[in-house]
Structure formats: C-alpha cells, structure tokens
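In what follows, chains carry the letters A, B, and so on, assigned in the order in which the sequence lines appear, proteins first and then strands, with residues in each chain numbered from 1.
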Amino acid sequence: MEAMDQGASESTTESSHWPSRWSDIEKILNRTGPLSMPEFEEGKLPAVQKDCNILVIGAGGLGCELLKNLAMMGFINISVIDMDTIDLSNLNRQFLFREKDIGRPKAQVAAEFINNRVPGVKVTPYYAKIEDFDAEFYKEFSIIVCGLDAIAPRRWINRLLCSMLEYDDHEELEPETIHPLVDGGTEGFKGNARVMAPGITACIECTLSFYPPAVNFPMCTLAQTPRLPEHCIEYVKLIQWPKDKPFGETEIDGDNPEHILWIHEKSLERAAQFGIHGITYRLTQGVVKRIIPAVASTNAVIAAICANEVFKIAYSCYPNLKTYVMFNDTAGIYTDVLEPERLADCMSCSIKPRMLRFPRSATLEDVLDFLKESPQYQMSNPGATTATHEGQKTLYIPGIKSLEDQTKPNLSKTLEELGFVDGQELNVTDKTSPTGFTFKIRYE
Amino acid sequence: MIKLYQAKNSSKEDSNKKTCAAQLRINKDVNELELPPGCHIEFRDKNDFLNFRISIAPDQGYYKGGRFWFTFKVPTNYPHEPPKVRCETRVYHPNIDLAGNVCLNILREDWKPVLTIQSVVHGLLFLLLDPNPDDPLNKEAAQVLQANKKLFEQNVRRAMTGTSVIYK
Amino acid sequence: MASTRGKFETRSPENEKTKKYDRQLRLWGDHGQSFLENARVCLINATATGTEILKGLVLPGIGAFTIVDGNNVTGEDVGRNFFLLKHSIGSNRGSAACQQLLELNPHVRGDYIDESCETLLATNPSYFTTFSVVIATGMPESTVLQLSKLLHVANVPLLLCKSFGQIGYIRLQTPEHTIIESHPDDGFDDLRLTDPFPGLRKHVDSIDLESLSRAEHAHVPYIVILLKALDRWREKHGPTSLPTYSEKKDFESIIESLKFKHHEGDDTPHVEPLNFEEAIKARARTLRKTEIPDNVKKLFEDKECENLNPKSKPFWIMVRALRDFVAVNGTLPLRGSIPDMTSDSDSYVRLAGVYKTEADKHCEDICNRVNEILTALGKPLDIVCEPEIHILCRNSHTLDVLRTRPIFEEYERPKSNLITDSLRNNYQPEEPEIVYYVLLRAVDKFFESFKRYPGCLTHLMETDISKLKSIYSKLVQEWGIGPFPKDDLIHEMCRFGASELHTIASVVGGCAAQEVIKVVTHQYVPINNTFIFNGILCTSTTFDL
C-alpha cells in the first residue's frame, strides 16, 4: 500500500524556521526539573524531530485534533490512516475539513491541511483500513495514537501490537519490541484516554468490559410487543427490510436518505398500529446508523490529553498517565485516573509467543506430539491453525469430526510441505489452557 | 517510560500475518466445542471459522425426530458482539419466525463475552425442547401452543414432514 | 443517551444546518442550538488558549464572536497557536486569528478590536457588558480585578482561562446562572407509586390480575404489580405505610403471591415471569416518597422567586408558578414519561398515556399560573413560550441556580480554610491541584513585581526559583494556609516559564468552550468555580474559591 500524494506543501527548511518558534516546548525540553523521568535528557527536540515517527489512526473528530496537537508540539514525521470520506455531519467538529471537501478521503484532506498550515511538518496520509497493513508497516512507528469510534479496530491494533512483542529465552520481554499505544475515545460529553505499553500495562482486551455492549432489543419485543419508537425502527430495520426488499437485494445504507426515509415511513406505520408516539426522522437515522453523539469540545480535550502523553513518552520530560483517565463534563468537569490490572488470561497480551525449533522435515504430527509429551505443555488434544497472507489456515482440529476428516492428511505432512516459512506463527488451542498458545516455528 | 530510539531497530521481524483477537477466540471455541448428541457442525470452508452451520436434532419434546439447521456468522468484533444466528430449516415454533429469525435472549439482550458457541448451541437446543409461548416471534404458533397442545404437536409434525401449516 | 424531544424536531430530510449539526443536536436539542446561535461572546487576547476556546464555539455554531487584542503576532505566537500563520507575524493578533477562525464555519460572524483590554476598559468599559459571555486569557491580575467587578455588576458571565506549562486553569464568574436541563447521568423515574394520582389509581384498579390469562399476566407492567402489592401492604400496615428495608422480604412475598396461579395439570413449561422480576428489582428505587429536591426548595426560597417584579427573568416567573403549584398540590409536576419495561404494547401504551395525560394537565396548570403572574406584573404573555414551560415541567426536579463568588472577592478574601483543608485531605499527596492554584496566584504576584514571568529566561532560573519561593511563602503566611508542599513544584513552575503548551491550551480550550455552551444554553451544570487541570498526572479538581 503506497502513501498517497499529499499535494503541494510549501514547506522548506527555510520557511519552517523562525525565531522562538519552539520556545514554549523548549522551556520544558531544554531544562530539567524535579518531576522529569530519570531517563530525561535535555535538548532532545532536534533528535526527536528527526527520528520519531508517529502514527495516528483515524482522521475523524479525535484524529483532526491529534494531528493539529502533534504538529504544534513539534512532531514533524506523522502518518495518518483513515478509511472514511468526509460527510457534512463531520463538520461540527472535524475542523480540518470544509464543505468543499465533502466526499474526499479524510486522511488526505487532513494531511494536506496540516502540511500547508504548519511549516516543516510532513503528514503522510493512508486512505486505507488498518487491516490493510501488517506488522512490518506498524513497527516503523515509535508511538501509535488511536482516535477511533469503534471497538473492533481498537482490538485489532491492540492484538497486533501485542503480537509484535518478543520475549527472550527467559521469557523476559524485549523492550525494543514494545510500541506504545495512546488511545482516546469520546461519546457526547464523556471521554477516556489511556497510555498502554503492550506487555507491561493492561491492554484493550484486558479491559474490554470498559466498553458497554451495544443495545440489542429482544427479538420478540420487536416482533410482538413494541413499546418504544426505537422498537418500531429496529423492527423495520431487522425484519421488514429483508422481507420487503424495497431496494432489491441491497443492504441498508445509513447514508442513503432514500433508505432512511423508507425506514422512517414504515416505522411510523408500525408505531401508529401500536399507538406509539415519538418517531422522528432524526431518531430513525440515529437508531439505524447507531449514531453516537459528538461535540467539538470533548474531542478537543481527549485528543489533547493523548497528544500530551505522546509528548511525555517521546521525551520522558514528565511521568506518563497511569494508565487510564475518564473524563466527563456534563456536571462540572470531572476526571478520574485508574490503573486497571492486566488479565492473567488475556487472549491478546498474556500469550507470550514461544519459540519452537524443528527441522524442516518434521511433520505436523511431530509438533503436536511434542506438545502432548512435553512436560512443559502436557496438552491433551491440541488443535492448530496458522495465519497466512490469504487469511487463516486450519492445520488440524481434532475436536470436530468433519474438520478432523478434512485436516487429518496434514498430520503426516512436513512443516515445509505445509508452507511454513521460518518464524511463522502456529496457533494452538487446547483444553488445558484458557488462552491457547502462539508458537513461532524456527527451522533448525 | 519507554526507550524511544530502540523501538526503530526492532529485531528481524518476519513479515508474517498475525492472528486477530476475534479469530483466536473463535478458534478456541471451535476446537473445544462439544456438541450434544445428534448435533453436527459444518464448515463450507475449513479455513473459515467465522461462517458455519450447526444442526440440532432434539431427542425429546415436540421436535423429536427433526433436524434443524442454524447458520452462524461470527462478527469480527466477537466476542464483544454475539454471533448472528438464523434458522435455515422452516420450523413451526413460537420463538422462531418463518424468515429464520430466532428469539433467544443470549443472542441479543443477554449476550456476554464469556459466552461461547457452545453456550449458544445449548440455548438453541433448550429452545427446541422448551418453546416459550409467552414471548413469541410466531404469535400464531404460540397461541396454538397455549390453547391446544395436541393441535400444536400436530402442526409441528406436519411442518417437519414438509406439509405446510395453514396460517391465518 | 441522545435527547429525543418530539416537538422540537424537524420531521424529515433535514436542512443543511441540521445535518451539519446532527451529532450535537442529539445532545442539546434544537432549542439548545438556537440559544447557542443567539449568543455573542467576547474573547480577550487571541492566545493559543483563547483561540482553542473559540474553535470549540465556532464549530458548533455560536452566533458571533469578537476578539479584543492589542498585541501584534510574534514568532512565539505562531509556534503555539494553530490559528496564527507565519506571514501574520507583526500584524494585529486579533485580526489574524479572527480570519482563520471564521473559516471554520460560514454560519458564524466574527470581528476584532485592535485595542488592548486595558485601553477598552478605560475608554469604553460598557462595551464588555453587551456580550452573552466574556472569555479572558493572558491577563495580569490588575486587569482581571477590574473586569471582574465590571461584569459582576452587569450580570455578564466571565470565564477566566490560563494555560501555564502543564497546568490548566478555568475560573467561572457568574452572578446568576439558571439551569433548566441538568441532564443528570442517573436517570430518575417519576412514577408516583407511593401516592398515585387519580388517573393512575383508576387505571390500576381497572386491571384484575386474577382474570388474566397466563400470557396476559406475564405482560402486566411492573408499575401495576407494585401498586397492587402496595395496596395489599397498606391494607395490613396502614394507608400511607411503605415497606422499609427490613420489611423487604414481607413485601416481596406479597409480590410473589400476585403471580399467576397455574391450574392443576397444566404442563406448559414454567418460565419465571420477567415482569415480576422487574417489580422486585424496582421496589427500592420506586417505593419512595415523592419529595421536593433540595435544589428546588432552595429556588422556592430564593429572593428572586419571592420578590417578583416587572424586571424578573422568565425563569423566576416559571419557578414562582411552580412554587404556587407545589403549594396547592404538594408535589412537583409529573414528568410524564415511564421507562421501558416488560409488557405487551397495549398495556404499556395505555399506562404511558395515563402518565402523559396527568403530566399535560400539570403543565397546563403551570402555564395558566405563568400567565396569571405575567398579567399581574403587567407583562406581555409571549415573553414565556409554552414549549419552554413544557421543558421546565419535565425537568422541574433538576432546576438550579448558580451564583459563583466574584473573582475580586476571591482575591480580596481568600478562603484560607478551604485551601488548608484541600491541602490536608488530598489523596494525591505529591501534587495536590490546590498547590498549583496558590502557585498560579504567586506567579501573578511575581509578574506584578517584576513585569515578567518566573523562569521565562533560562539564565535567571535559579534566582527566579528563590524569588517565587519567597513570594509563595509570603502568600502562604498572609492567607494562613499550610502545610507547605515540597519545593519541587516551585521549581517546576519556573521550568514551565509561562509556556503555553499547545496540548494544555487545547485541554483548557475544550473544557472552557463547553462551560460557555452550558452558560448560554442553560443546559448541564457549569463548574463552581475554579477548575485546575494537572497535565503531569492527568488529574483535575474543582474548588469553590
């Protein structure tokens, strides 16, 4: 995946230097203080500017703010990934976009804006999904900052960063494989920010319970006993749409006004049938798209907290947030810092990839037998899969008859015949472990 | 807190794909699945654990002797979100409608990330053993179940043998 | 949750503005938006903090802003302020910032005055009193005092903001701010079960649980079940009795006894009815005497409510009508909404209708009272509109008034006890935010004495540390506060050197913008009165100073 062309940037070394430009941050970076971290060194601004690559994930409400904050805090090598294009409803907070930009990729417009506005800063945009890139791409970044509005991509990047960790022969974490993640999230007037050192502090997966599950009304309520306007809208969305197929085989597109209008009409009809009041176009759209309310101010606060933490990580000028802060300014302004614990059986950060050495001629059965017989693992009935560029590949699943029949021939194949390259991951699950294992197969 | 400049020279990483969290979890669910007697799981593609079908054949109750297929779609946000389950077999059941929608609490409002595919299968089996007429999806079937169990049983039988049940 | 208030919403394909503002209209509604669009704010000094605040107001669509700034743009300004460009170095700062800010939203008007706040205070002080809110940044103590006095008398809210190194500071001064919609996080259900109104009584009496089929029985709303159970309870314990916590089990067994009685030989699978489960869960929450909350009692006793006059604000006229209503009825008007609960559609809709009808009656009653008051005061009836009264009735339990202590008073008579207590009771023993407050005040004194901020010149760091320390010690002594924190923070204050870090300016900017929105929309609850953010620990505290 190539970086996109960012349009002309007028910045040259000449125009990006002027007297006192960085005097504010230099006051903190060029002088130590009692609250500096032990590893703090004075005068590191030029070094960080040169070597520190920051990745911003998301160019939405938080992303726009993050890019601005990072650029203004002296970071000049920044990349941004976003898969979305600009919509009119973004403009109440995503301040790098104008009406003329509607329909264009967020990452590209945001990068252009920052590159033109803040001399010397180079933001590289990627109009892509985070899943389009692999560890090779992500390991180039010193610090990764997330401004996402969904949980799934957060979990994805979290897992990737955790899986990039390497452990030495004593199962000690190799510190250079840690890529810190700073993550922010907002919803209305509430927000949170966290600093995560994969393998050291609690990860996203350890604290999945922090994210409330989506509201799913019972199917029978929708079908037989609707009481709220939301029940009527969900009914039309889940049951009537696939039945009536008003626009053929197309799925509902929340951004298509015709779709929303149809759902609105049908919801009104259904509500009338049950004597329910309160269906509006806005509510319909909110329910169908599961819209999360958002304002400029909360995004500004959370993104600024995140950027401040990035600044602290990069320079060690102050200690970092430990490790999670909640913010709410509905009644007064309230913050609360907590330090969630790591889960011992976290499927993302507690699986230490272990090294297994086998000759190229070893068969899958040899490997699985080893895991059964090894005093360290003593597995009972291990199942094995691996990840390839084509997606997951099932190697052997003993627990399920149909899969066992299909995968049994793999047992007698050698690792090489199975396409294993040196260092490839082997995922093994077994009843003896709550998390399963990830092994790196090294050829002898 | 973190030594920054070391991060760049990370050791020789092989450009291998990593397995995502949802995949790791479903792998575990699948490998540890213990289906009740008479149940089967089928994968269209042995490498794709996110899409499969499970058949359930109750050995007692109204639906004894029948075999009911359910399709499972596991979202990329599993287990934060529940799997999407539909009934493929046309069935006369108060909690399953003719379009295949299934009304089972753990598939929607009571889903929790600790639940597994195993729990869902047990839930579905329970639904077939013990249809709940109080909160129906198929209201007609529920009314018949409440009013006339003999007739309900007959209707279930007829639907299972392929004869359609007449709905108002 | 998004607020969904039917009558204020456009029915279908929205216009461009409602589309653009969609994500925020779901929070403060179209009526909140119209307050925002009618507001005019003044920003004194286009510092990074100041422009970040304006950004948070221009984006959501504030009516208009004016920047008062007599300074010219410096290289330092451009380095920290996103809304100042390099080519503007040397030109007026307000003008340069105004231009960039206006680009954010074509619906917002903005202008600037190329004069310092001090000059304007001397030549045309009343100018500041024409705004909905005045936001002040980058000001010395003496100017703050002048402005504080002026705006206090004029009853114009003042928001004083500062970013100093890793420390953010926001001080709200509002002589009188009235809050209609607090939007509390813990939703409260106004069900009136302990003293059911006649409509509810009649509705519940019309339902005979014994005669219901099993399916119907399993769909009786828990409100009905609880009221039936309470009736039985009261038959035994007296007509106004409520089960106490220790009597919980007895009451639950009454609920239990109301459950459907299965006929003999009924082999239908037995499922625990959800509605009865909900009834047991809701007992403690709902079987409580409906009381007038303290915040509302306080309003009823307020002199503004007591002494209505032709100058009274609509809010106080409505509060007075509310007080008269309470005097007659003993309770606040009914909110008129019920939570979702297990029920069939028809039972739920009918029950919801019972509440709605009663609430509408109360609202009409209050409307009439408002009209009577307006007539008696000789004022036109249309200064209070009906939708406003509706909102007030729905939110009558969260009404509030905030009168913050004026800044000049805080400066003249510091609350020594409060400061000392905060120092002692702090659970963040290394860096209590109150210490930063005192240090910020000490820094202001430093500036008054030396006309520069401590630590802004690196070669004077050591002397500045000792100077600031002695000013700080003097303050501590004068105010009679203690104990002393470690010298660490004094050193860090000097290391900050009055730097305005963009991140801290942005934190302050976001928070302050939201405080302005609270003030102009009369929704949510503003700070009372001083907010300190500590960027080092990412902690914050609010003090009533």
Side-chain angles (χ1 to χ4, degrees), chain A residues 37 39 51-52 134-136 139 142 151-152 155-156 159-160 163 166 175-180 197 205 208 211 213-214 216-220 223-224 239 242-243 313-314 316 320 347-348 383 385 387-389 391-394 397 399-400 402-403 406-407 421-425 427 429 431 436, chain B residues 1-25 27-28 30-35 40-43 46-49 75-77 79-82 95 97 99 101-105 107-113 132 135-139 142:
Chain A
M37 300 298 283
E39 57 270 34
D51 290 331
C52 186
D134 58 15
E136 204 57 35
K139 78 171 204 207
S142 320
I151 295 144
R155 291 180 62 203
W156 189 90
R159 168 65 194 147
L160 185 91
S163 69
E166 289 178 24
E176 62 271 25
T177 61
I178 300 170
H179 295 253
E205 208 73 18
L208 213 48
Y211 307 101
N216 283 319
F217 300 115
M219 212 45 138
C220 49
Q224 299 297 344
I239 297 176
K243 206 164 70 188
I313 296 175
S316 303
N320 270 107
M347 291 195 73
S348 271
T385 59
T388 68
H389 286 280
Q392 155 147 308
K393 190 173 166 192
T394 305
I397 297 288
I400 286 167
S402 62
L403 284 177
Q406 286 183 68
T407 53
V421 295
D422 192 42
Q424 185 161 334
E425 272 185 6
N427 295 314
T429 59
K431 286 204 185 69
Chain B
M1 89 190 234
I2 283 141
K3 282 282 187 185
L4 176 71
Y5 302 103
Q6 297 169 347
K8 275 209 75 178
N9 314 315
S10 159
S11 70
K12 63 296 162 195
E13 174 67 44
D14 322 85
S15 70
N16 282 318
K17 278 290 179 183
K18 308 287 186 180
T19 310
C20 71
Q23 185 76 55
L24 280 177
R25 170 58 199 273
N27 288 353
K28 190 173 148 54
V30 167
N31 196 37
E32 292 175 10
L33 189 60
E34 279 181 15
L35 290 172
H40 291 288
I41 181 165
E42 261 184 22
F43 294 83
K46 69 173 190 311
N47 294 322
D48 179 8
F49 285 4
T76 51
N77 208 6
H80 188 66
E81 283 169 26
N95 313 107
D97 73 10
N101 294 305
V102 181
C103 189
L104 179 63
N105 60 339
L107 285 176
R108 292 184 64 79
E109 72 274 19
D110 292 333
W111 172 257
K112 287 179 196 69
N132 169 11
D135 291 298
L137 261 190
N138 181 337
K139 202 172 177 181

Closest heavy-atom pair, Val102(B) versus Met219(A), reported as atoms and distance to 0.1 Å, is O-CG, 3.9 Å
Examine whether an atom of Ala99(B) lies under 4.5 Å from a heavy atom of chain A, and if so say whether it belongs to the side chain, the backbone or both; otherwise answer neither. neither
Got a second to check how far Asn138(B)'s CG is from Gln224(A)'s CD, nearest 0.5 Å? 8.0 Å
Answer with side chain, backbone, both or neither: which region of Asn27(B) has an atom nearer than 4.5 Å to a non-hydrogen atom of chain A? both
Check Pro79(B) against Arg155(A) and note the closest heavy-atom contact, atom names and distance. CD-NH2, 3.4 Å
Okay, Ile151(A) and chain B: the region with an atom under 4.5 Å from a heavy atom over there is both
Closest non-hydrogen contact found for Gln392(A) with Asn47(B) is O-CB, 3.2 Å
Is the shortest heavy-atom distance from the side chain of Thr385(A) to the side chain of Phe49(B) under 4.5 Å? yes
Atom NZ of residue position Lys139(B) - does it have more than 12 heavy atoms of other residues, nucleotides or ligands inside 6.0 Å? no
Over all heavy atoms of both residues, which pair between Gly383(A) and Asn31(B) is shortest? Give the atoms and the distance, please. N-ND2, 3.2 Å
Does the side chain of Leu403(A) reach to within under 4.5 Å of the side chain of Val30(B), using non-hydrogen atoms? yes
Nearest heavy atoms of Asn77(B) and Ala152(A), plus distance in Å: OD1-CA, 3.5 Å
Close side-chain approach of Pro218(A) to Glu109(B), heavy-atom, < 4.5 Å: yes
Does any non-hydrogen side-chain atom of Lys28(B) lie less than 4.5 Å from one of Met347(A)? yes
When the 4.5 angstrom heavy-atom criterion is applied to Glu34(B) and chain A, the contacting part is side chain
Using only atom types and a distance under 3.5 Å, with no angle test, would you say the side chain of Asp135(B) pairs donor to acceptor with the backbone of Cys220(A)? no
Less than 4.0 Å between a side-chain N and a carboxylate O, is that true for Arg25(B) and Glu205(A)? no
To the nearest 0.5 Å, tell me how far Leu35(B) CG sits from Ile400(A) CD1. 6.5 Å
Donor-acceptor under 3.5 Å (Ser402(A) side chain, Glu42(B) main chain): no
At a 4.5 Å cut-off on heavy atoms, which part of Ile397(A) comes close to chain B: side chain, backbone, both, or neither? both
